[in-house]
> 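Would you mind keeping the following structure in view while I ask a few things?
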Amino acid sequence: MEVDASLRCENLGAARARVSELLVGHDPDFVDDVRLVATELAANACDHAEPPRTLVLRREVHDERGAELVVEVSDASPERSPLLGTSTLGEFRGNGIRMVQALCVDWGVRRGADVKVVWARMPLP
C-alpha cells in the first residue's frame with residue numbers, strides 16, 4: 001500500500017478521514033495512532049513550511065523489523081527542522097513531535113535540495 005496525497009492545510013480532517021479509509025479492518029487503536037501521527041506531521045508542515053506539501057503512507061516489510069507503516073510528510077522548506085518540545089507558535093504548542101516519538105518506532109528527517117521529508121515508522125499489528 002502506498003498513498004500519496006497533496007495536503008490541504010485548510011482541511012486536515014480530510015487527511016485523517018483518508019487514513020481511516022485506507023486502514024479499514026486494522027485495529028482501531030492502531031488506526032487512531034496513525035491518524036494522530038499523520039495529523040501532527042501534516043500540521044507541522046502547514047504551520048512551519050512552504051508548499052507543496054504531501055502526505056504519503058507506505059507499507060514496508062523488513063527482514064529484521066517485520067511489517068511497518070511509514071508516514072511521510074514532505075514540504076518545500078528543507079532548511080527548517082521539527083524540534084522536539086518547542087514551537088514558534090506559542091508556549092502551549094510544541095508537543096506534536098513528542099507524541100510522534102512516543103507512538104512510533106522511529107522518526108526522522110530527510111532533506112534534498114528543495115524538499116524536506118519528515119517520516120515516522122510504526123509496526124503493523
> Under a 4.5 Å cut-off applied to non-hydrogen side-chain atoms, are Trp107 and Gln101 in contact?
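SC-SC contact between Trp107 and Gln101 confirmed.
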> In Å, rounded to the nearest 0.5 Å, how long is the span from CZ of Arg35 to CZ of Arg16?
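If I round to the nearest 0.5 Å, the distance is 6.5 Å.
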> So, for Ala49 and Ser77, which heavy atoms are closest and what is the spacing to 0.1 Å?
CA-OG, 3.4 Å
> Can you tell me how far the CG atom of Leu103 sits from the CD atom of Glu40, to the nearest 0.5 Å?
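Reported value, rounded in 0.5 Å steps: 9.5 Å.
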> Contact between Asn44 and Val73 at the side-chain level, heavy atoms closer than 4.5 Å - yes or no?
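Heavy-atom side-chain distance check fails, nothing below 4.5 Å.
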> If I take atom CG from residue Asp75 and atom SG from residue Cys9, how far apart are they, to the nearest 0.5 angstrom?
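Interatomic distance, Asp75 CG to Cys9 SG, rounded to 0.5 Å: 9.5 Å.
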> Say whether Val117 and Val56 are linked into one hydrophobic cluster, either directly or through other cluster members, by side-chain heavy-atom distances under 4.5 angstrom.
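No: no chain of side-chain contacts under 4.5 Å links Val117 to Val56.
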> Going through the distances and angles, do Met122 and Cys104 end up as a side chain to side chain contact (heavy atoms under 4.5 Å, CB included)?
CA-CA 5 Å; Met122 307 174 76; Cys104 297; 3.6 Å; yes
> Establish whether Val71 and Leu36 are linked, either directly or via other cluster members, by ILVMFWY side-chain heavy-atom contacts under 4.5 Å.
yes
> Show, in sequence, the C-alpha distance, side-chain angles and deciding distance for Arg59 and Glu68, and conclude whether the side chain to side chain contact (heavy atoms under 4.5 Å, CB included) test is met.
CA-CA 6 Å; Arg59 182 180 187 273; Glu68 296 177 326; over 6 Å; no
> What verdict does the side chain to side chain contact (heavy atoms under 4.5 Å, CB included) test give for Val34 and Leu69, after you've listed the backbone C-alpha separation in whole Å, the side-chain angles of each residue and the deciding distance to 0.1 Å?
CA-CA 9 Å; Val34 174; Leu69 183 70; 3.6 Å; yes
> Roughly how far apart are Asp27 CG and Asp33 CG, rounded to 0.5 Å?
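Interatomic distance, Asp27 CG to Asp33 CG, rounded to 0.5 Å: 8.5 Å.
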> Does a salt bridge link Glu72 with Arg58, judged by any charged N lying under 4.0 Å from a carboxylate O?
yes
> Do side-chain atoms of Arg80 reach the backbone of His48 as a donor and acceptor pair under 3.5 angstrom?
yes
> Is there a side-chain contact between Val19 and Leu57, using heavy atoms and a 4.5 Å cut-off?
yes
> Using the rule that two of Ile, Leu, Val, Met, Phe, Trp, Tyr join whenever any of their side-chain heavy atoms come within less than 4.5 Å, decide whether Leu41 and Trp119 are in one cluster.
no
> Of all heavy-atom pairs between Phe30 and Pro123, which one has the smallest distance, and what is that distance?
CE1-O, 3.4 Å
> Hydrophobic clusters here meaning ILVMFWY residues chained together by side-chain heavy-atom distances under 4.5 Å, can you tell me if Val70 and Val100 are in one?
no
> Ignoring hydrogens, what is the shortest heavy-atom contact between Ala76 and Pro51? Give both atom names and the distance.
CB-O, 3.3 Å
> Do the side-chain N and O atoms of Ser74 and Arg53 include a donor-acceptor pair separated by under 3.5 angstrom?
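Ser74 vs Arg53: no donor-acceptor pair found between side chains.
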> If hydrophobic clusters are built from ILVMFWY residues whose side chains come within less than 4.5 Å, do Val31 and Leu12 share one?
yes
> Is it the case that the side chain of Lys116 and the backbone of Val109 share a donor-acceptor pair, with hydrogens and angles ignored and the cut-off at 3.5 Å?
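Side chain of Lys116 to backbone of Val109, a donor-acceptor pair under 3.5 Å: no, none is there.
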> Do His26 and Leu124 come within less than 4.5 Å of each other through their side chains, counting heavy atoms only?
yes
> If I take atom CG from residue Asp114 and atom CD from residue Glu50, how far apart are they, to the nearest 0.5 angstrom?
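CD of Glu50 is found 12.5 Å from CG of Asp114.
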